Structure formats: C-alpha cells, structure tokens
2 protein chains.
Amino acid sequence: MPRPQFDRNIALNKSVDLFWQQGFHAASMQQVFAATGLKPGSIYHAFGSKEGLFKESIEHYTKLSMAKARAQLEQATSISKGICELLERLINESQNRDYCSCLLVKSQLELNIEHPELNQLITQNLQKTEDQYAELLSQEFDSDLSKIYASSLMLHIFGIRVYGYQLKDTSQLLKSLRISLHWLPWENSLN
Amino acid sequence: MPRPQFDRNIALNKSVDLFWQQGFHAASMQQVFAATGLKPGSIYHAFGSKEGLFKESIEHYTKLSMAKARAQLEQATSISKGICELLERLINESQNRDYCSCLLVKSQLELNIEHPELNQLITQNLQKTEDQYAELLSQEFDSDLSKIYASSLMLHIFGIRVYGYQLKDTSQLLKSLRISLHWLPWENSLN
DNA sequence: AACTTTGTTGAACATTTATTCAAACTAACC
DNA sequence: GGTTAGTTTGAATAAATGTTCAACAAAGTT
C-alpha cells in the first residue's frame, strides 16, 4: 500500500457538520474541500460523488446519534426515566443559537422523491432509531406497548426537532410533554 | 397602465407547488419560468429575486393553509371534534404517493441562519397558525388552557408532518394520538 | 395621433456548480 | 533499488445557476 489514506472518520465528521448545518443542496463540494482540507480528487476517489459522501455522512451521523441516545437511556436509573432526561436534553439543545435540528429529520424533508435512494436510506435509519427505542423500552414494558410508546416517542421527538426553532420559553413545551407523554415518570416540580 | 399584468395568484400558486415539492434551494428559477409560463424579466420585475418570490409564496401558502384549517374546525360539531378530523386528514394525506409534508415545516428546517429574514418570516407564519388554533380552542377552553393545547397541537402536527414519510400503517399512529392527545373527543372505535 | 408609462421579452452575463483526469507522488513489495 | 500499485493533486470542464437589461409593445393621457 502506498501513501496512507486520509482519516475517513475525521472527513466524515466534518462532512456531517456541513450537511447538518446547510442541508444537502446548500452544502457545496467546495465547502467540503475547505472543511476537510482535502482536494476534489481525494474526496471523489474515496466517496464517488456528493451523493456518496452524503450517504456515508448519514450512516455516520446515525451511528453517533443512536449511541448517544442508548448511553443516556442506559445510564439512567430506568429507561423511562432516561427518556425524560433525553427529551429535556433535546429541548435544551434547541435553545442553542446554532441549533440545527436533526440531520435525519432535515434530510427526510429536504430530499423528495427525485432522490429515492437517499430517501430510503434516511427512512431506514430513522426506523433503526425507533427500533432501538422499542428495544430499550421493552426492558420495562411488554413488547406491543414498547412499540406504541417508541412510535409515540418518535412523533414527539420529531415535533421537538421542528418546534425547537419556534421556542422562546421551554417551560410551556415541557408542560405539554408532561400532559401528552403521561406514561413517563416525570419529576414533580412546583412551578 | 400598459399591457395587463399577469395573474399574480396563478403565478404564486405554481410557485408554491414548486417550492413545496422541491424546497427553496432545489427549486430553480428555470423551473419557475417553466411552471408559470413567464419569462425571467416578468418574474424579476414582479418579485425582485428568488428570495422575494419565495417570501410571497410563503405568505400565500400560509393564507390558504390557515383558511383550510379554520374552515375544517368551524364546520365541525365542535372545535375539538374538528381537530380530531383535521389530524385524521393530515395522517391520511401523508399516505399519498406525492406527499411532501408542509411548506412551512420544510422551509423552517431547510433555511438556516444564513437566511435570517426568511427564517423570521417562517417563524412568524407558524406562530400565526398556532395563534389561530389557540383562538379557536378558546371557544371551548379557557384562555390559558387553549394556549397550552394549541402548543401541544402544533408539536403533534409537526411530528405528523415528519412521521408521515415513515408511515406504512396509520392505525398505530392514530392509537398514539389517542393516548397523547387524550383531551380530544375521539370517536370510539372497536379495532 | 403623438407621447408617456409600464409590464414583457429573451438573449446574454458572470458565477458557481459537481465532476474529471493526467500527472505527480509515496509507501510497500520483490 | 527498481518496480508497482494505490493516493493525492489541482487545474480544467461542461453544465447550470440567479440575474440583468436594452429593445419592445400595449394601455392611459393629453
């Protein structure tokens, strides 16, 4: 083997950040070259096309995102308690000035039927995410209920991922979540 | 006044459809010219720029969308009953082969902080939508509760707008909604 | 009927886009 | 140490992008 190849993970991290912030169409390959410090030939040799790079970025993002969720749920005192913490984290994250939702959600909405492969890939990865929630929830609930709860959880996370842009005061949304996700063991609070 | 101006509403309808299907970045001005049958000069004379056309499209879409929601809620036997019907309609619409979510939701996620004006406009229009729900709900609930319910409703609608791409079987999602939006007067069903 | 006003036309423009490829380079292998 | 195979280079390419503008045409005004 000749000259060692560039570090794929570092390049993917930079690409994920770029696609995440800008979206697939608005992110240009020039920006990819600038962000990764790599030249066109290297990127195209390694990923084939913009779409190829995007596919790997999606996979990379999903892997990190699912690992983060799993870690948070497993370190909590219970899975459902962990979900409360996770939802609170998502709401807090949405208050950041550079908040940009979730790469999968953004991409699902951006890429229409003219990109069937990408759409399928995104759908698959969102499904994997939901399946992981169902699996973790099944430690506490029976299998059928876990699936319904996982599905409801996804719906609420999607909602938060969009509503995040709208929010000024998080307390009202938290109140809403306590009402609609009433099967979760929310902490009692006095306000 | 010289030669009569083209019909602005027709042009906006076509533009809305295009931006809705493709998104702001993927929709090209060439596609606008093709869809409207107008020449570059006419469009630029009337709307100034792609961003100008997009802004008016957003306003146009919001107007139609809010009117549709209001009509559905007012023709129902009660506002909350109308909301059930509206949610069911949204879920059904998401099963269409050419489903493309909601223009406001898509745009909110696509246009990042590099388009601050557009972002603000979208946020405003989503807020108007939420305010209308709160106003209509206040016919049935007190003012504070109406606001919380409206906010929760928005969250669920956003969720449906994203989850719509994921859905195969709508019955599970409907079940979820019945659980989380338990304050709505859902029809009893045997399945 | 001449003039002004104003929307329309469509070719042309400068940028930017994703992508290519022959040449240069480097590390491993014989 | 020469050969080879795979990686990087970066200028170049063709196509597409949003936008402009001088010429044109039709209605209102005098």
Side-chain angles (χ1 to χ4, degrees), chain A residues 1-58 107 110-112 114-119 121, chain B residues 1-58 60 106-107 110-112 114-119 121:
Chain A
M1 219 182 273
R3 219 181 192 179
Q5 207 173 356
F6 63 83
D7 187 324
R8 224 180 159 83
N9 270 328
I10 295 180
L12 280 174
N13 280 332
K14 298 280 187 190
S15 302
V16 164
D17 286 346
L18 193 62
F19 284 128
W20 195 354
Q21 280 165 26
Q22 312 265 16
F24 176 74
H25 286 105
S28 75
M29 290 306 281
Q30 306 248 16
Q31 288 177 305
V32 171
F33 308 145
T36 58
L38 297 166
K39 308 292 169 184
S42 297
I43 297 282
Y44 277 83
H45 179 76
F47 299 103
S49 66
K50 186 183 184 182
E51 208 169 299
L53 175 63
F54 186 73
K55 284 183 190 170
E56 288 213 33
S57 300
I58 289 286
S107 304
E110 182 181 359
L111 300 160
N112 62 0
E114 294 184 19
H115 298 262
E117 284 185 36
L118 293 182
N119 240 303
L121 182 71
Chain B
M1 218 180 272
R3 222 182 191 178
Q5 207 175 357
F6 63 83
D7 188 325
R8 223 180 159 84
N9 270 329
I10 297 180
L12 280 174
N13 280 332
K14 298 281 188 190
S15 301
V16 164
D17 286 347
L18 193 61
F19 284 129
W20 194 355
Q21 279 164 28
Q22 312 266 15
F24 176 74
H25 286 105
S28 75
M29 291 306 283
Q30 306 249 13
Q31 289 177 306
V32 171
F33 307 145
T36 58
L38 298 166
K39 308 294 170 181
S42 297
I43 297 282
Y44 277 84
H45 181 74
F47 301 102
S49 66
K50 186 182 184 184
E51 209 169 298
L53 176 61
F54 186 73
K55 282 182 190 171
E56 287 215 31
S57 300
I58 289 285
H60 193 70
K106 288 180 77 162
S107 305
E110 182 182 359
L111 300 161
N112 61 2
E114 295 185 19
H115 297 264
E117 284 186 35
L118 294 181
N119 239 303
L121 182 72

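Source: prediction; values computed, not measured. First the proteins, then the strands, lettered A, B, ... as listed; each starts at 1.
- Rounded to an integer number of Å, the gap from A:Gln30 CD to D:dA11 C1' is 12 Å.
- When heavy atoms are screened at a 4.0 angstrom cut-off, A:Ala27 is found touching the sugar-phosphate backbone but no base atom.
- Remark: B:Lys39 is not in phosphate contact with C:dT8, judged by side-chain N or O atoms under 4.0 Å from OP1 or OP2.
- Checking side-chain atoms of A:Gln21 against main-chain N and O of A:Leu18 turns up no donor-acceptor pair under 3.5 Å.
- The closest donor-acceptor contact from the side chain of A:Lys50 to the backbone of A:Ala27 lies under 3.5 Å.
- The B:Pro40 side chain lies nearest to C:dA11 when the options are C:dT17, D:dG18, C:dA11.
- Regarding B:His115, its NE2 atom lies at a distance of 13 Å from the C1' atom of D:dG18, rounded to whole Å.
- Remark: side-chain polar atoms of A:Ser42 are not paired, donor with acceptor, to backbone N or O of A:Leu38 under 3.5 angstrom.
- Regarding B:Phe54, its CZ atom lies at a distance of 13 Å from the P atom of D:dG18, rounded to whole Å.
- To the nearest angstrom, P of D:dT17 lies 11 Å from CG of B:Leu18.
- D:dA12 atom C1' lies 13 Å from atom CZ of A:Phe33, rounded to whole Å.
- Nearest-nucleotide positions on DNA chain C for A:Lys50 and B:Ser42 put B:Ser42 closer to the 5' end.
- Counting any heavy atom pair closer than 4.0 Å across all strands shown, A:Phe47 reaches no nucleic acid atom.
- Within the structure, ring pair (Phe, Tyr, Trp, His ring centres under 6.0 Å) contacts touching residues 15-35 of chain B (residues at least two apart or in different chains) are B:Phe19-B:Phe54, B:Trp20-B:Tyr61, B:Phe24-B:Phe54, B:Phe24-B:His115, B:His25-B:His115.
- OP1 and OP2 of D:dT8 both lie 4.0 Å or more from every side-chain N or O belonging to A:His45.
- Whole-Å rounding puts the B:Asp7 CG to C:dT8 C1' distance at 16 Å.
- For the pair B:Met29 CE and D:dA16 P, the computed distance is 17 Å after rounding to whole Å.
- Shown here is A:Lys14, whose NZ atom has no more than 12 heavy atoms of other residues, nucleotides or ligands within 6.0 Å.
- The distance from atom NE2 of A:His25 to atom P of D:dT17 is 10 Å, rounded to the nearest whole Å.
- A:Tyr44 has a side-chain polar atom (N or O) that falls below the 4.0 Å cut-off from OP1 or OP2 of C:dT19.
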